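Atoms considered below: every heavy atom in the structure, side chains included; atoms not considered: hydrogens, waters and symmetry mates. Quick note on labels: first sequence line is chain A, next is B, and so on, each numbered from 1. Everything numeric here is computed off the predicted structure, so don't read it as measured data.
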Amino acid sequence: MRSPAVPGSRQALLALPGALWLLTFAVLPLGFLVVMSFWTTTIFGLSTEFTLDNYATIFSDSVYLTILAKTIRMALITTVLTLLFSYPVAYFLAGLSGRSKAVCLLLLFMPFWSSYVVRTFLWLPMLGRNGLLNTLLMKIGAIDEPIDVLLFSEGTVHLGLIYVYSLFMILPIYLSLDRLDQRLIEAAADLGAGPFNTFRRIVLPLSMPGVLSGSVMVFLLACGAYVTPQLLGGTAGVMFGNIIAAQYLNTNNWPLGAALSVVLVLVVLAGMFLVGRKAKMEEIFVGGQH
Amino acid sequence: MSKFSSAPSGPSRRMFLRTGAGLGAAAGLGLWGTTAQAAASIDVVMVNAAISGPLRSVLEGASGGKINDAPWQSTTDVVSRLTAPGGTGRYDLLIAGSDFVRKPIMGPRPGSELVLPLDTAKMPNFGQVADAFKKDVADRDGKVYMVPVFWGFDSVIYNTEQMPESDPFTQSWAPLFEDKYAGRIAWYDAAHQMIMAAGLHLGNPKPEDLDGKDLDEVVRFLISRKKNIRTIWSTFAQGTNLLATGEVACLYGPIPVRAELQRKGFKITNAWPKEGVLSFAHSAFVPRDSKNLEASQAVINAMLGKDYASQVTKASGYLSTSNLGSQDFSPEERKRFGYGVLDGSTKHHGLGFPPAIAKWIEGWNRVKSA
Amino acid sequence: MSDAVLQAGTRPARSFAWPRAERLRKGLLCAYAGLFFLFLYAPIGLLLVLSVNDSEVIGLPFKGTTSRWYAYVLTTPELIRALANSFALGFVSAGIATAIALMMAMGFRREFPLKGLLMKIVLLPILIPGIVGSAVFLVFFGYLEIPFGLWTTALMVHITWALPFAFLTIFPRLHGFDRGLEEAAMDLGATPIVVFRRILLPIIRPGIVATFLFAFTLSFDEFVRTFLVIGTQRTIPVHLWTLIIDQMAPFLPAVGVVIMAVSVSVSLIGFALTPKEK
């Protein structure tokens with residue numbers, strides 16, 4: 001495997017700057033969050049007395065847990081749909097070469113440079129009662145009345161999320177497909193494997209690190225989504241992120257917001273841990289060595 | 001920071017920044033820039049409409065420099081910014097809903113105020129605050145800490161082409177809740193406002209006192225009427241957009257939404273509900289560690305002065321708390337803008353500060369999640 | 001079949017080209033990709049249309065063309081300043097984040113204590129919802145009394161935000177890399193730095209570029225976490241959010257188009273300046 005002469009531990013030190021940065025700007029603030037979740041808010045600002053009130057509120061009132069369950073369900077659906085829609089695109093991109101590849105990549109990135117806020121807001125004039133889709137459909141006589149359910153429904157939120165997060169799925173899958181050695185495919189063909197088998201046995205497993213990366217990113221983002229459900233979800237598409245945001249923006253109850261976030265983080269991490277155990281996530285993620 | 005942001009932009013700036021030294025210098029410049037700008041400009045947070053257009057030049061003229069206004073989110077957001085650690089040193093002037101901010105900024109006992117006392121001798125227009133708003137002045141031990149500068153009211157905002165103005169049904173809070181305009185209604189994402197409106201609609205004479213069983217009833221009422229609404233809006237532009245695109249016929253709305261739409265020529269107006277519009281005042285205060293008390297006081301004074309007060313309604317829809325504001329308006333203008341509230345010819349109900357606000361918020365969470 | 005074998009044997013190993021028999025499949029794939037790009041660009045098309053719409057509403061009906069929104073956008077100093085801020089911040093934070101992510105990815109190729117834990121910690125910034133992250137940073141920087149600003153707090157927030165994504169993007173690319181080449185080089189006496197520069201870097205360079213672009217996009221687009229800690233300066237998304245919160249500014253679509261156009265131009269310049277390999 002590795003020769004003892006290779007300075008393995010020295011190279012591991014490269015991970016140090018990243019580790020330090022994350023410790024300072026991710027772990028420490030998270031610590032603050034956890035501490036804050038045990039405080040309360042009074043009219044005069046934060047009260048730093050330790051209390052379990054926030055957690056009591058969350059677990060006694062089924063409202064919060066119901067929305068949490070709904071959010072996780074919606075995040076899972078969004079992730080699966082995004083994966084299904086994105087994989088072929090990544091496959092297509094990896095199959096290009098030279099200039100057309102660069103052009104298509106640029107075309108892929110371009111819409112994501114017009115700002116997330118604008119890109120979400122755009123679905124309103126697209127899907128509204130007097131929006132593009134309804135106007136077109138009415139003009140060609142396909143419908144008499146505008147379709148109300150296009151906007152402000154759970155489906156709209158899924159659409160909006162897939163639209164803004166597809167890059168997060170396409171990119172890692174594309175990158176892992178791109179380094180795929182053509183010789184492997186040719187070897188399989190030489191050995192008599194049909195295209196589907198080649199895909200299933202060789203391409204798919206080797207692209208798993210990318211699939212996993214992308215899925216993890218999209219799932220986590222969807223769990224915490226707040227702008228999209230707020231703009232597009234109406235009353236049906238309320239997600240956990242909205243409830244958390246409300247504590248910071250509307251009700252000034254930061255400790256409750258912190259407690260809700262902690263619950264979200266724990267639930268999601270636990271879920272990923274369990275799934276990861278089953279699918280030996282670390283190994284897949286780390287990728288096979290040929 | 002203003003010094004830094006006038007540096008060459010684009011490629012030359014990026015090249016400068018690319019060097020490691022450039023990065024360190026940039027951070028250093030940024031910090032240095034903060035102190036250098038203290039003399040030339042002040043940092044404020046207020047409803048953006050109140051400093052838009054011609055209003056800005058009036059206020060900047062008074063302050064003697066530039067006014068940097070941070071993005072406004074809500075009154076609770078302003079309180080958060082102030083009470084967050086280090087918050088008393090970040091801004092020079094804050095303006096938010098008086099009823100909400102009074103207790104947090106004054107602190108529980110003398111000496112715990114988060115704001116500086118204001119020198120009324122340096123603010124000659126302070127005497128012009130109308131009687132109706134003297135209650136919004138916050139004082140303690142003879143010192144003034146908060147001064148009301150403008151006020152407004154929430155009401156049902158509706159499209160006159162879809163809802164007839166002369167219909168008595170329209171001139172009430174009913175359109176937001178009853179079946180008549182089902183599917184074409186939008187609510188505002190605010191526990192306080194929506195429960196007050198629902199309370200008024202249900203005939204409660206003092207909805208701000210709702211608590212316990214009565215509160216539960218109103219919450220259940222709201223949940224039952226949720227089926228009639230199209231969506232719940234949370235930012236002003238969302239609300240404006242909903243009416244402008246014809247997505248809804250009416251919504252619970254504040255002044256900036258109505259003013260914006262009217263300015264753009266839409267046939268939108270606010271109702272004068274028989275139960276009363278919901279009124280509130282915004283007051284100005286200076287955080288304790290600000291270094292620009294003089295400039296901030298000058299701005300407050302200007303807001304109560306004739307120049308600002310007479311323009312503020314036309315420019316933003318908000319009304320002035322100063323007597324100098326409506327002096328030159330015709331009776332028709334006074335009524336249309338809402339000054340009828342001051343002399344009692346227009347019914348209004350103060351939004352106030354419900355003692356059970358925490359339970360209201362919980363109830364609203366239930367309404368949203370149901 | 002033998003034809004395919006012959007062609008497979010003679011084609012250069014790195015290209016991912018299609019044998020003849022796959023034409024139908026390729027056609028379907030192309031068609032699907034085309035549909036996807038259509039889906040991606042339909043709202044952008046609407047954006048373009050709305051940016052010249054002579055209407056006070058951001059939406060249909062279309063009321064005739066006008067260039068006044070662009071005129072307004074291109075002559076408003078705040079917008080131009082916000083754009084410059086976004087760009088500068090984007091470049092710097094993407095650069096730093098990519099560098100740190102690359103080092104981490106390389107470090108992860110070896111075993112070290114608490115590696116599994118670090119793997120999970122990397123995900124934290126993504127997991128914490130934006131609005132919470134923003135509030136947490138507000139309190140965090142507040143306690144440490146760090147002044148808010150573009151190059152102090154906003155920069156740190158952006159780097160922290162981009163880092164996990166950069167790592168998750170570059171890591172799979174790096175990991176399956178055949179170390180035989182590296183080890184051979186080192187046996188021949190090359191120092192690790194030379195190995196990195198001459199062997200590793202050229203092969204993962206496209207991955208690094210993609211990661212940098214991705215990190216730049218993330219920073220450029222990022223607003224929720226930045227909003228509370230940026231002080232009074234504006235980046236474009238923060239400015240747009242103000243416009244969206246308070247006004248229903250009809251020039252919003254024009255701003256969106258301008259941002260896109262500038263970003264595209266910058267990246268085209270970037271592509272043109274990068275020496276091409278292959």
Scan for side-chain hydrogen bond (donor to acceptor under 3.5 Å, both in side chains) pairs involving residues 13-37 of chain A, sequence neighbours excluded, and state none if there are none.
-> A:W21-C:T160, A:S37-A:Y55

Is there side-chain contact between [X] and [Y], with at least one heavy-atom pair below 4.5 Å?
{"X": "A:S213", "Y": "C:F171", "value": "no"}
{"X": "A:V118", "Y": "C:P253", "value": "no"}
{"X": "C:L46", "Y": "A:P125", "value": "yes"}
{"X": "C:L213", "Y": "A:W113", "value": "yes"}

Hey, would you say the C:Y32 and A:F92 ring centroids sit under 6.0 Å apart?
-> no

C:F39 and A:Y163 aromatic centres sub-6.0 Å | yes

Testing the basics here: between [X] and [Y], what is the closest heavy-atom pair and its distance to 0.1 Å?
{"X": "A:F109", "Y": "C:A210", "value": "CZ-O, 4.2 Å"}
{"X": "C:M104", "Y": "A:A15", "value": "CG-O, 3.7 Å"}
{"X": "A:C104", "Y": "C:F37", "value": "O-CZ, 3.9 Å"}
{"X": "A:M110", "Y": "C:M260", "value": "O-CG, 3.4 Å"}

When you look at A:L132 and C:V49, which way does the side-chain contact (heavy atoms from CB on, under 4.5 Å) test go after all the steps?
-> CA-CA 11 Å; A:L132 184 63; C:V49 166; over 6 Å; no

Roughly how far, to the nearest 0.5 Å, is the [atom2] atom of [Y] from the [atom1] atom of [X]?
{"X": "C:L50", "Y": "A:L122", "atom1": "CG", "atom2": "CG", "answer": "7.0 Å"}
{"X": "A:S86", "Y": "C:F36", "atom1": "OG", "atom2": "CZ", "answer": "5.0 Å"}
{"X": "A:F85", "Y": "C:L35", "atom1": "CZ", "atom2": "CG", "answer": "10.5 Å"}
{"X": "A:L171", "Y": "C:T217", "atom1": "CG", "atom2": "OG1", "answer": "9.0 Å"}
{"X": "A:L212", "Y": "C:L168", "atom1": "CG", "atom2": "CG", "answer": "9.0 Å"}

What's the verdict on side-chain contact (heavy atoms from CB on, under 4.5 Å) for C:L218 and A:F168, showing C-alpha distance, side-chain angles and the deciding distance?
-> CA-CA 10 Å; C:L218 285 168; A:F168 293 74; 3.4 Å; yes

By a 4.5 Å heavy-atom criterion (distance strictly below it), what part of [X] contacts chain C: side chain, backbone, both, or neither?
{"X": "A:F219", "answer": "neither"}
{"X": "A:L264", "answer": "side chain"}
{"X": "A:F32", "answer": "side chain"}
{"X": "A:I170", "answer": "side chain"}

Pick from A:A225, A:P172, A:P29: which one has the most heavy-atom pairs with chain C under 4.5 Å?
-> A:P29

In terms of the angle between their ring planes, are A:F25 and C:F141 parallel, tilted or perpendicular, with boundaries placed at 30° and 60°?
-> tilted

Max heavy-atom pair count under 4.5 Å with chain A, selected residue of C:P43, C:C30, C:A42, C:G107 = C:P43

Scored by heavy-atom pairs under 4.5 Å with chain A, the best of C:V122, C:I159, C:T169 is C:I159

Among A:L107, A:L167, A:L108, A:V89, find the one that has a side chain to side chain contact (heavy atoms under 4.5 Å, CB included) with C:L40.
-> A:L108

Chi angles and distances behind the side-chain contact (heavy atoms from CB on, under 4.5 Å) call for A:L221, C:F165 = CA-CA 11 Å; A:L221 286 171; C:F165 293 99; 4.0 Å; yes

Proximal component of C:L47, with respect to chain A [non-hydrogen, under 4.5 Å] | both

Sequence neighbours excluded - salt bridge (charged side-chain N to carboxylate O under 4.0 Å, His left out) pairs with any residue from residues 116-125 of chain A = A:R119-C:D221

Determine, step by step, whether C:L124 and A:L22 satisfy the side-chain contact (heavy atoms from CB on, under 4.5 Å) criterion, reporting the C-alpha distance in whole Å, the side-chain angles of both residues, the deciding distance to 0.1 Å, and the verdict.
-> CA-CA 9 Å; C:L124 275 179; A:L22 285 168; over 6 Å; no

